Each structure stands twice: as structure tokens, then as C-alpha cells.
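Every value quoted in this text rests on a predicted model; they were computed, and no experiment measured them. Here, residue 1 is the first one in the sequence, and each next residue gets the next number.
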Amino acid sequence: MSQNPATKSGAQGAQAHMRFDDNGLLAMLFGEHDRHIAQLEQGLGVLVASRGNELEISGPSDTVDVAKTVLTELYDRLKRGQTVDPSEVDAAIRIASARDQDGNSAPAIRVDPIQTRKSPVAPRSPRQAAYIEAMREHELVFGLGPAGTGKTYLAVAVAVSMFLSGQVDRIILSRPAVEAGERLGFLPGDIKDKIDPYLRPLYDALNDMMPTDTVLKRLESGEIEIAPLAFMRGRTLANAIVILDEAQNTTPVQMKMFLTRLGEYSRMVVTGDLSQIDLPIGARSGLAEAVATLEGMKGASFIRFTNDDVVRNPLVTRIVRAYEKREKETAAAIAAKRESGNK
């Protein structure tokens, strides 16, 4: 692939020329019915015209540069024998479009894909890349933010990768057994039957990383353990990677108990969304207290995701933003009412 050394700017914006040397890869880059190019145009507000193995990109100069970066990255991915699908296009756009607090292009954090027994798992946003790097480098990592940002999924992927490479001997996954605003009553069956519904998301993530028969075998041997938080008391978790999911539903006592289980050669990942606390009204979240107490402590890392990192259906991003807007409006209305009442 070759491209002109500079983007041409004019009154109507900018134009860039790109030339690709493999028509077979170019067809895969475009996608079926050119859907990848349409996705790029819609996501960045550019126009892409093609003739043979050449492309002409036009639009605002900053987005034209981003489009060039995205196409280069995806084409290189195809040259390495990897696939390109709409989710990969979305990820490339997110990462190439990243901006720092001053509005300048943020340098992308390059991390190797997470190797699992199935397909490699790669970050789909700059914060996901930072999250993966933090889990590889720190003993204690907090992943905070809304649903759909990959907090749990990436943590399980890193855990599986560390287990398969021999960095840890065990994977321990835990959740507090708290209903999401419902009263489920007494569940039938033995203790495993009662707690499995709470832990199902962790099973789902594991089955995405490893063949089902391998997961079952590791569960039977104890090399992978999935347990409710209450089962952690009195244990010291050494040579393991330990993940606490939905940590916003812990009490401060539970959170302190969990964090002090960390043993030698182990790592902990704590994930949660402080906007979705299902504890009784008035109860303090153990995750909120842990963040306030431990942030800045050596050895701990805090990654805060936003709705820009939601990687599920695009509608999920719009739902999260709509709820955030409504919550802000409600808070502002309450504050205004209190202020008028005090006058």
C-alpha cells in the first residue's frame, strides 16, 4: 500500500489519496457490499471514492487523517492474516479518533492481543488498551464504568491468558449474590444450583475463551473456581488471578475482607458500575469506599470507562447517554428546588 506524503487541504476540506497493492485484501477491507467503507464514512463524516485499487478520501482534514489511519491499520491487519469485521472497524475508528483532554490526538496504547484457547481478544478502545496493560502490570486493578465497556470480559480474558501461560496456577471468579432490584425468593436445588444464576455471566465469558469441555475439566480440578463472595472469608489466595465482578454491590466489610485475601504471586481485578448499586437504600457501597480509600496507593491502578467505551450494540451507548442525561436533569431540578426553598 502507498499513499501521498501529505493530505491536500482546500476550501471544501481535505483530500487524501491511497493506493493498495493487493486487490484481494482490498475487497476484504471494503467488506460485503462495501459495508466497512460505509461504516467508516458514517462514523467519521468523510466520503471515500474508489477506482480500481486506489481510494480518494475527502472531508474535514482531521477526520481525513483519522480515516487514513483506520484504513492503514485494517489493511495491515488483513496482511497479517487476521480478519476484519464491523466490530474491528468500530474499534479502529475509536482508537484512531482518541483525543486527550486538550483535544489533541491521543497516542494509542499498543498492547498485544490477549491469547486464549479460542480467538485472540484485542482492545476496542484506548481505555480498554490501558485496562489490559494495567492488569498485566499491577497487582490490584479497579475497572469502573457502565455496562458494555468490557470490564468483566477483558478481565476474564487476561485471567485465562495468564493461566494458560503458567503465570498463575488458578483463576478465581467471584460475585456478590445480590438481586438486581428483584426478589427472587428461595431458589431450588443444592448450593451450586442456588448460586449459579448470579455467576452465569462469568461462565459465559469463560466459555468464550476456552472450549466448554476444558472449562468443565478445570472447574472439576479446582484450577478454575467460581464462587460467591461469601465463600472468600478466611482464605489466602496465592498464585492466582482473582476477579470480583459487580463489586458495587459489596458492603465495605465485604470489600475489605476480599481485598485482604490477596496472597503471594497473585493479582486482583475488581469491576463495577457505581451507577447501578442494588444494595438496600442507604447502604454504603464497598466499591465506592475502596475507591475513596485506595486511589493513589502504590500497586493499585484505577481505570474509569465512560459511555464512549461501550462496545455492545450502538443502541446501548445511546441508552446509557439518555439515562445519564436524565439523572443530571433530575439532580439539577432537585438542587434548584432546594435552593428556592431556602430563600
Side-chain angles (χ1 to χ4, degrees), residues 131 135 140-160 162-163 168 170-210 215-216 218-219 222-237 240-263 266-280 283-291 294 302-303 305 312:
Y131 186 46
M135 288 187 285
L140 176 61
V141 176
F142 288 82
L144 311 169
T149 52
K151 303 183 301 295
T152 303
Y153 194 84
L154 290 176
V156 173
V158 168
V160 169
M162 287 184 171
F163 175 73
V168 295
R170 292 182 297 162
I171 298 172
I172 300 173
L173 310 175
S174 184
R175 265 187 161 204
V178 177
E179 296 100 338
E182 301 176 76
R183 294 299 178 190
L184 302 181
F186 293 100
L187 295 173
D190 58 19
I191 185 64
K192 183 178 184 302
D193 295 327
K194 293 178 186 294
I195 65 175
D196 272 0
Y198 298 102
L199 306 174
R200 178 50 51 189
L202 300 176
Y203 284 106
D204 291 343
L206 273 177
N207 286 322
D208 276 354
M209 313 295 171
M210 304 171 74
V215 172
L216 292 174
R218 301 300 189 187
L219 285 168
E223 293 169 295
I224 297 177
E225 180 182 348
I226 302 180
L229 181 59
F231 287 16
M232 294 294 161
R233 186 173 296 280
R235 302 179 62 183
T236 300
L237 308 173
I241 181 164
V242 192
I243 299 171
L244 176 59
D245 191 34
E246 297 290 340
Q248 74 274 7
N249 290 327
T250 62
T251 65
V253 171
Q254 288 175 322
M255 178 60 75
K256 182 180 178 182
M257 177 274 293
F258 175 79
L259 293 174
T260 54
R261 301 307 94 198
L262 185 65
S266 290
R267 302 198 178 207
M268 277 187 172
V269 183
V270 179
T271 71
D273 178 3
L274 288 170
S275 71
Q276 293 190 11
I277 298 173
D278 299 311
L279 294 170
R284 172 99 168 139
S285 167
L287 178 59
E289 185 163 296
V291 171
L294 303 178
F302 294 78
I303 304 296
F305 295 96
R312 292 179 182 169

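- Atom OH of Y153 sits about 13.0 Å away from atom CG of L202, to the nearest 0.5 Å.
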For L294 and L259, what are the C-alpha separation, side-chain angles and deciding distance, and is it a side chain to side chain contact (heavy atoms under 4.5 Å, CB included)?
-> CA-CA 11 Å; L294 303 178; L259 293 174; 3.6 Å; yes

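- With sequence neighbours excluded, the residues that form a side chain to side chain contact (heavy atoms under 4.5 Å, CB included) with R267 are M162, I241.
- Nearest heavy-atom pair across M255 and G286 is CG-O, 3.5 Å.
- E225 pairs with exactly one of I172, L173, L237 by the side chain to side chain contact (heavy atoms under 4.5 Å, CB included) rule, that one being I172.
- Looking at residues two or more places apart in sequence or on another chain, you find a side-chain hydrogen bond (donor to acceptor under 3.5 Å, both in side chains) between E223 and R218, S221.
- Looking at M268, R233, R235 one by one, the single match for side chain to side chain contact (heavy atoms under 4.5 Å, CB included) with F258 turns out to be M268.
- Listed by chain and residue number, Y203, V215, I224, I226 satisfy the side chain to side chain contact (heavy atoms under 4.5 Å, CB included) test with L219 (two or more places apart in sequence, or in another chain).
- The backbone N or O of A240 lies less than 3.5 Å from a partner atom in the side chain of S266, making a donor-acceptor pair.
- Partner of V270 under the side chain to side chain contact (heavy atoms under 4.5 Å, CB included) criterion, out of V141, T250, L140: L140 alone.
- Among all heavy-atom pairs drawn from S174 and P228, the shortest one is OG-C, 3.4 Å.
- Every residue two or more places apart in sequence or in another chain was checked for a side-chain hydrogen bond (donor to acceptor under 3.5 Å, both in side chains) with R261, and none qualifies.
- Rounding to the nearest 0.5 Å gives a distance of 6.5 Å between CD1 of I171 and CE of M210.
- Here R284 pairs with nothing under the side-chain hydrogen bond (donor to acceptor under 3.5 Å, both in side chains) rule; sequence neighbours left out.
- Partners of T271 according to the side chain to side chain contact (heavy atoms under 4.5 Å, CB included) rule, which considers only residues two or more places apart in sequence or in another chain, are Y131, K151, T152, D245, V269.
- Considering only residues two or more places apart in sequence or on other chains, Q248 meets the side chain to side chain contact (heavy atoms under 4.5 Å, CB included) condition with E246, L274, Q276, I277, S285, L287.
- Here the side chain of N249 pairs no donor or acceptor atom with the backbone of P176 at under 3.5 angstrom.
- The ring-ring contact (aromatic ring centres under 6.0 Å, His included) search around F302 returns F142, not counting sequence neighbours.
- Residues forming a side-chain hydrogen bond (donor to acceptor under 3.5 Å, both in side chains) with S275 (at least two apart in sequence, or on another chain): D273.
- Judged as a salt bridge (Lys or Arg N to Asp or Glu O under 4.0 Å), and not counting sequence neighbours, R170 has no contacts.
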